[in-house]
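Scroll down for the structure; my scribbles are underneath it.
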Amino acid sequence: MLSVKHEVFLEVARQKSFSKASQLLFISQPAISKHIRNLEEQYATRLFERKGVSIELTEAGRLLYEKITEVKSIQEQTEFELSAIKDLLQVKGTLKLGASTTVALYILPKVLSAFQSRYPQIIINLLNRNTEIVLQALLNGEINLGIVEGRSKLMQVSHRPFITDKVVAVCSKKSAIAKKKQYELEELKTLPLALREMGSGTLTALRAALEKKKIKMSSLQVKARLGGTEALKNFLVESDLLGFLPRRSVLKELEQGELTEIHFTGLHIERNFYFIERKGENSELNRTLIRIAEKIYNF
């Protein structure tokens with residue numbers, strides 16, 4: 001079992017702040033500092049150094065962070081496997097999962113509900129952020145399993161295909177754009193757009209599809225950028241702008257007539273979702289969640 005001072009070290013390293021770690025761990029800042037001093041005395045080396053108003057890990061600190069992260073992962077995996085031997089209903093552990101917005105809102109609820117029914121004693125922690133943030137959280141050891149759009153080029157990450165989703169162009173039924181349902185692709189350059197923020201998987205998929213058609217993002221009339229699928233969807237319902245969203249996220253609005261799907265000749269946008277793990281890790285807890293997800297989505 002990791003000691004309290006090692007757990008404190010992990011949180012300080014993640015937050016790059018003694019005060020933020022104090023708030024998250026519900027431990028006083030002097031106590032946080034004492035734990036770090038004790039750890040530095042134990043290893044006879046400095047673990048943090050100040051960089052302006054923030055702190056950074058020293059070389060020794062980075063090594064310790066890497067090793068403790070590995071130990072914590074093994075500890076959690078061992079707890080899961082040992083408890084599973086006795087009774088599935090009493091299996092204990094923590095599922096630390098990260099997912100991009102579309103997955104978290106429209107795909108994972110069924111999966112996590114089925115998982116929790118089978119393993120009621122397991123704590124589920126879900127980080128709901130865009131693809132870039134989820135990937136970084138995996139590398140930092142904040143999560144052990146992610147579900148994101150697209151494959152990264154990082155050698156430290158392994159990918160397993162999950163599902164495919166379509167991205168569609170939509171606008172409010174009240175928008176002048178909705179007077180036509182079919183446009184030539186070149187006309188996209190003339191229409192006012194609202195798009196997702198940088199780092200969004202939806203935006204990445206749109207950019208890739210347009211690049212195949214020799215259309216640059218810089219040639220589009222982008223009037224607004226909104227962070228989050230729901231924020232963009234709700235904005236589009238009330239505005240005159242056109243946007244691109246995962247089809248799963250707008251099914252209800254399309255059925256109820258609040259949004260209208262617009263088609264552009266020759267433009268087809270699909271996103272491939274992948275499970276991601278740190279390469280070399282072999283977690284039965286992660287594999288269990290993956291099996292349940294694949295069963296629900298008929299793999």
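Remember, it's a predicted structure, so these values are computed and weren't measured experimentally.
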Answer yes or no: is there an ion pair linking Lys180 with Glu187, defined by an N-O contact shorter than 4.0 Å? yes
Please identify each residue that fulfils salt bridge (charged side-chain N to carboxylate O under 4.0 Å, His left out) with Glu132, with sequence neighbours left out. none
Can you name the residues that form a side chain to side chain contact (heavy atoms under 4.5 Å, CB included) with Glu41, not counting sequence neighbours? Asn38
Counting only heavy atoms not in Lys67, do more than 12 fall under 6.0 Å of its NZ? no
Partner set under side chain to side chain contact (heavy atoms under 4.5 Å, CB included) for Ser239, not counting sequence neighbours: Phe235, Leu236, Leu241
Asn125: what forms a side chain to side chain contact (heavy atoms under 4.5 Å, CB included) with it, not counting sequence neighbours? Thr94, Lys96, Ile123
Can a salt bridge be assigned to the pair Arg278 and Glu70 using a cut-off of 4.0 Å between side-chain N and carboxylate O? no
Group every Ile, Leu, Val, Met, Phe, Trp and Tyr by side-chain heavy-atom contacts under 4.5 Å, then state whether Leu127 and Leu135 land in the same group. yes
Between Val134 and Ser100, which heavy-atom pair has the shortest distance, and what is it? CG2-N, 4.1 Å
Gap separating the CZ atom of Phe18 from the NE2 atom of His35, nearest 0.5 angstrom: 11.5 Å
CG/Leu138 to CG/Leu145 distance, rounded to the nearest 0.5 angstrom? 8.0 Å
When clusters are formed by joining ILVMFWY residues with side-chain heavy atoms under 4.5 Å apart, either directly or through shared neighbours, do Leu63 and Ile68 land in the same one? no
Least distance between heavy atoms, Glu197 atom then Asn130 atom: OE2-ND2, 3.4 Å
Determine the minimum heavy-atom distance between Ser249 and Tyr106, stating which atoms define it. CB-CE1, 3.2 Å
Gln156, CD: over 12 other non-hydrogen atoms inside 6.0 angstrom: yes
Considering only residues two or more places apart or on different chains, which pairs with a residue in residues 217-235 satisfy salt bridge (Lys or Arg N to Asp or Glu O under 4.0 Å)? Glu230-Lys233, Lys233-Glu253
Just verifying a value: how many Å separate Leu242 CG and Ile177 CD1, rounded to the nearest 0.5 Å? 5.0 Å
Under 3.5 Å donor-acceptor pairs involving side-chain atoms of residues 4-17, not counting sequence neighbours:
residue : atom : partner : partner atom : Å
Lys5    : NZ   : Gln42   : OE1          : 2.7
His6    : ND1  : Ser3    : OG           : 2.5
His6    : NE2  : Tyr43   : OH           : 2.9
Glu7    : OE1  : Lys72   : NZ           : 3.2
Glu7    : OE2  : Lys72   : NZ           : 3.1
Glu11   : OE2  : Gln15   : NE2          : 2.9
Arg14   : NH2  : Gly141  : O            : 3.3
Ser17   : OG   : Ser19   : N            : 3.3
Ser17   : OG   : Ser19   : OG           : 3.0
Ser17   : OG   : Lys20   : N            : 3.1

Taking all non-hydrogen atoms of both residues into account, name the closest pair between Leu57 and Glu49 and its distance. O-OE2, 4.4 Å
Criterion side-chain contact (heavy atoms from CB on, under 4.5 Å) on Asn128 and Thr101, from CA distance to verdict: CA-CA 6 Å; Asn128 173 16; Thr101 306; 3.8 Å; yes
Side-chain ion pair, Glu284 and Arg287, N-O less than 4.0 Å: yes
Acceptor/donor pairs from residues 21-30 side chains to any protein atom, 3.5 angstrom cut, sequence neighbours excluded:
residue : atom : partner : partner atom : Å
Ser22   : OG   : Ile27   : O            : 2.3
Ser22   : OG   : Gln29   : N            : 3.4
Ser28   : OG   : Ala31   : N            : 3.3

Ring centers of Phe275, Phe162 separated by less than 6.0 Å: yes
Is there a path of hydrophobic side-chain contacts, each under 4.5 Å between heavy atoms of I, L, V, M, F, W or Y residues, that connects Leu232 with Leu188? no
Which residues pass the side chain to side chain contact (heavy atoms under 4.5 Å, CB included) test with Glu211, sequence neighbours left out? Arg207
Count I, L, V, M, F, W, Y as connected when their side-chain heavy atoms are under 4.5 Å apart, and connections chain through other members. Are Ile163 and Val167 then in the same cluster? no
Give a yes or no on whether Ile262 and Leu210 share a hydrophobic cluster (residues Ile, Leu, Val, Met, Phe, Trp, Tyr; joining criterion: side-chain heavy atoms under 4.5 Å apart). yes
Tell me whether Ser113 contacts the main-chain N or O of Lys110 through its side chain, where contact means a donor paired with an acceptor under 3.5 Å. no
Keeping to residues at least two apart or across chains, list the salt bridge (Lys or Arg N to Asp or Glu O under 4.0 Å) pairs with something in residues 134-158. Glu149-Arg271
Report the distance from atom CG of Leu226 to atom CZ of Arg196, rounding to the nearest 0.5 Å. 9.0 Å
Give me each pair satisfying ring pair (Phe, Tyr, Trp, His ring centres under 6.0 Å) with a member in residues 180-206, each pair once, sequence neighbours excluded. Tyr183-Phe264
Hydrophobic clusters join Ile, Leu, Val, Met, Phe, Trp and Tyr when side-chain heavy atoms are under 4.5 Å apart, directly or via other members; which others share one with Met155? none
Yes or no on side-chain contact (heavy atoms from CB on, under 4.5 Å) for Lys252 and Gln256, after CA distance, side-chain angles and deciding distance? CA-CA 6 Å; Lys252 179 181 176 182; Gln256 295 178 346; 3.4 Å; yes
Going by atom types only, do Gln182 and Thr265 share a side-chain donor-acceptor pair under 3.5 Å? yes
Under the ring pair (Phe, Tyr, Trp, His ring centres under 6.0 Å) test, residues paired with Phe244 that sit two or more places apart: none
Distance-minimising heavy-atom pair for Lys279 and Val157: CE-O, 3.7 Å
Is the closest side-chain heavy-atom distance between Val168 and Ile269 below 4.5 Å? no
Can you tell me how far apart CD1 (Ile276) and CG (Leu154) are? Round to the nearest 0.5 Å. 9.0 Å
For a side-chain contact (heavy atoms from CB on, under 4.5 Å) check, start with the C-alpha distance between Thr190 and Gln221, then their side-chain angles and the critical distance, and finish with the verdict. CA-CA 7 Å; Thr190 68; Gln221 304 298 313; 5.8 Å; no
So does Gly266 get a backbone contact from the side chain of Lys213, meaning a donor-acceptor N/O pair under 3.5 Å? yes
Start with the C-alpha distance between Glu277 and Asn144, add both sets of side-chain angles, then the distance that settles side chain to side chain donor-acceptor pair (under 3.5 Å), and finish with yes or no. CA-CA 6 Å; Glu277 296 179 271; Asn144 294 326; over 6 Å; no
Between Ala178 and Ser172, which heavy-atom pair has the shortest distance, and what is it? CB-O, 3.6 Å
Pairwise distance CG(Leu254) to OG1(Thr260) - rounded to 0.5 angstrom: 7.5 Å
Salt bridge (charged side-chain N to carboxylate O under 4.0 Å, His left out) evaluation trace for Arg247 with Glu261: CA-CA 9 Å; Arg247 202 169 200 286; Glu261 184 173 350; 3.0 Å; yes
